[in-house]
Amino acid sequence: MVNEGLIPSLEDEVKRRSVINQLRKIVVRWVKNVAWQHRLPQNQIDATNATILPYGSYGLGVYGSESDIDALCIGPFFASIAEDFFISLRDMLKSRREVSELHCVKDAKVPLIRFKFDGILVDLPYAQLRVLSIPNNVDVLNPFFLRDIDETSWKSLSGVRANKCILQLVPSLELFQSLLRCVKLWAKRRGVYGNLNGFLGGVHMAILAAFVCGYQPNATLSSLLANFFYTFAHWQWPTPVVLLEDTYPSTGAPPGLMPIQLPCGSHQYCNSNITRSTFYKIVAEFLRGHNLTKDYLKLNFSWNDLFELYPYANTYTWFTKIHLSAANQEDLSDWVGWVKSRFRCLLIKIEEVYGICDPNPTEYVETYTKQPNIVFYWGLQLRTINVSDIESVKIDFLKNVNSGSFRGTVGRIQLTLVKASQLPKNGECGSNNRSRR
């Protein structure tokens, strides 16, 4: 784990803690200013409060040196998301010298403000509770705070609530964190990490890791990792993975091909974009992981094979090349985010036309072109392909992309088919280091 850089330095921890503390001070000033603008009595202005709760990889304690911070802003009943959060708080953040690359992402399932604070990417959604003052250590599992909240706030709270439940359920926090770091590295190396590409997201991985930890409270990390692959290589999907058995009896069929239940609410499941293609890929990788780790107690065993990069160029003959470009880096960031939110529709259309598709989540940059760009290469399993069919896929996908309410500057999309021999060499195309959001 140390060799792979999975353990953040003390400097990383201090910097992230500082970002959270500074954001807490900012939102307290913001909410008191909003209370004054709404002409609340002085005693209510003095009493009101807002807070910041980290979640995601940082909240679970499994972040890396390049990880972003998911942090939920929780405000009181009078601070609205449309005017006070997306206008007033945005302006306050924009005026700070530590803040750069600020964008409002209003069209997402969980609307948020995205920005860099001292160079660290922050995703900041908002939840509005029906109280005057939000305690700094507010219990997001307490029904008192959840009464009469709107749907957007409920969705925004789900990540924080899931984190809190998981941390309460695992028998050993340190072992859970170590296991989760390992399986996330495995998923990224094998190309099965990334919810927008139809694979497993951070919350999926956290629940699967917690599930395995719950059945082996006194295990070593090595045995937990081997048991993780044994468990899910033999799992009878679509039987749902449930952390809290019998707490919320299920009614009806669980959604999707790989249902994973959130541990914090009745019949709530993780949002999933898994399709037929990505389901087969994930299951195949679980089986490969099991075959590689079942003999982990042997003397000459090595973990290196488990974490080998997935050999796309040696596996597929044909690839769908998705080339996204825009006039500048800021427009490109918004454009790529919007197009990626529609990737599931593209993946399903490619499956209809070409069959099994493996959407490599890695983002590449064509360094030899002038316009800022991001390129994806999705593997196709067929040996012979009708190249003209890609036009119907492109037309269908463009309709889908243009049918939404994208508020940014529209960029360009190019969909083409390329052979494995046409994949970029190291000098022509560099892996993009920006956030994988």
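Starting from 1, each residue takes its place in the sequence as its number. Computed from heavy atoms alone, side chains included, the values below leave out hydrogens, waters and symmetry copies.
Side-chain N or O atoms of D331 include none that pairs as donor or acceptor with a backbone N or O of A327 at under 3.5 Å. With T315 contributing its side chain and P311 its backbone, the two residues share a donor-acceptor pair below 3.5 Å. Formation of a donor-acceptor pair under 3.5 Å by the W338 side chain with backbone atoms of V401 is found in this model. A donor-acceptor pair under 3.5 Å is formed between the side chain of S156 and the backbone N or O of Y126. Of the possible polar contacts, none joining the D295 side chain to the K298 backbone as a donor-acceptor pair under 3.5 Å is found. T293 places no side-chain N or O within donor-acceptor distance of the main-chain N or O of Y296, the cut-off being under 3.5 Å. Checked by atom type and distance alone, the side chain of T278 pairs as donor or acceptor with a backbone atom of G198 at under 3.5 Å. Using modelled atom types, one side-chain atom of S178 and one backbone atom of E174 make a donor-acceptor pair closer than 3.5 Å. One N or O on the side chain of H204 and one on the backbone of N271 form a donor-acceptor pair closer than 3.5 Å. Counting only distance, with no hydrogens or angles, the side chain of N400 and the backbone of L398 share no donor-acceptor pair below 3.5 Å.
Note on E363 versus K340: salt bridge recorded, some NZ/NE/NH1/NH2 to OD/OE distance being below 4.0 Å. Ion pair K281/E285 not flagged as a salt bridge, since none of the NZ, NE, NH1 or NH2 atoms sits closer than 4.0 Å to an Asp/Glu carboxylate oxygen. At a threshold of 4.0 Å, the pair K155-E151 counts as salt-bridged, since one of the basic side-chain nitrogens sits closer than that to a carboxylate oxygen.
Nearest heavy atoms, D396 versus K349: OD2-CD, 3.6 Å. The minimum heavy-atom distance linking Y269 with P240 is given by the pair CE2-CB, 3.8 Å. Listed here is the closest heavy atom pair of Q329 and P372: OE1-CB, 3.6 Å. Of all heavy-atom pairs spanning N163 and G56, the tightest one is ND2-N, 3.2 Å. Closest approach of I20 and P54 over heavy atoms only: CD1-CB, 4.1 Å. Counting all heavy atoms, side chain and backbone alike, Q216 lies closest to S223 at OE1-O, 3.8 Å.
Between V138 and I74, the closest side-chain pair of non-hydrogen atoms falls below 4.5 Å. Residues N402 and K399 have side chains not in contact (no heavy-atom distance under 4.5 Å, counting atoms from C-beta outward). The shortest distance between side-chain heavy atoms of Y354 and W318 does not fall below 4.5 Å. Contact check for C270 versus Q261: no side-chain heavy atoms found under the 4.5 Å cut-off. Here the side chains of M258 and V283 are in contact, with some heavy-atom distance below 4.5 Å. Between Y364 and H323 the shortest side-chain heavy-atom distance does not fall below 4.5 Å.
Atom CD of E351 and atom CG of L380 lie 10.5 Å apart (nearest 0.5 Å). The structure places CD of Q381 at 10.0 Å from SG of C357, a figure rounded to the nearest 0.5 Å. Atom-to-atom distance recorded for N360:CG and Y316:OH is 9.5 Å, nearest 0.5 angstrom. For the atom pair I356 CD1 and Y280 OH, the distance stands at 6.0 Å (nearest 0.5 Å). L124 contributes atom CG, which lies 6.5 Å from atom CG of L23 (distance to the nearest 0.5 angstrom). With rounding to the nearest 0.5 Å, the separation of CG in L417 from CD in Q422 is 9.5 Å.
Partner of F115 under the side-chain contact (heavy atoms from CB on, under 4.5 Å) criterion, out of V99, I120, L121: V99 alone. For the ring-ring contact (aromatic ring centres under 6.0 Å, His included) criterion with W186, the lone passing option out of F286, Y193, Y310 is F286. For the ring-ring contact (aromatic ring centres under 6.0 Å, His included) with F232, the lone residue among F228, F229, Y230 that qualifies is F228. Checked against E4 for a salt bridge (charged side-chain N to carboxylate O under 4.0 Å, His left out), the options R189, K184, R181 give a single hit: R189. No option in L112, V160, D70 other than L112 meets the side-chain contact (heavy atoms from CB on, under 4.5 Å) test with P125.
By the ring-ring contact (aromatic ring centres under 6.0 Å, His included) test, F117 pairs with no residue at all, sequence neighbours left out.
A cation-pi arrangement is not found for K188 relative to F199, the charged atom failing to lie both closer than 6.0 Å to the ring centre and inside a 45° cone about the ring normal.
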Residues 82-94 side chain polar contacts: donor-acceptor under 3.5 Å, at least two apart:
from : atom 1 : to  : atom 2 : distance (Å)
D84  : OD2    : H38 : NE2    : 3.3
D84  : OD2    : S80 : N      : 2.8
D84  : OD2    : S80 : OG     : 3.3

I would like to know whether Q22 and S18 meet side chain to side chain donor-acceptor pair (under 3.5 Å); could you show each step before the answer?
CA-CA 6 Å; Q22 288 183 76; S18 171; 3.0 Å; yes
Evaluation steps, side chain to side chain contact (heavy atoms under 4.5 Å, CB included), between Q371 and N373
CA-CA 6 Å; Q371 266 201 328; N373 64 84; 5.7 Å; no
Between S392 and D389, does the side chain to side chain donor-acceptor pair (under 3.5 Å) criterion hold? Intermediate values first, please.
CA-CA 6 Å; S392 68; D389 287 340; 5.3 Å; no
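Remark: the S153 side chain and the D150 side chain contain an N/O donor-acceptor pair separated by less than 3.5 Å.
Screening residues 300-322 for salt bridge (Lys or Arg N to Asp or Glu O under 4.0 Å) gives K321-E366 as the qualifying pairs, with residues at least two apart or on separate chains.
Here F343 and W378 bring their ring centres to under 6.0 angstrom of each other. Ring centroid separation for the pair F211 and W235 comes in under the 6.0 Å cut-off.
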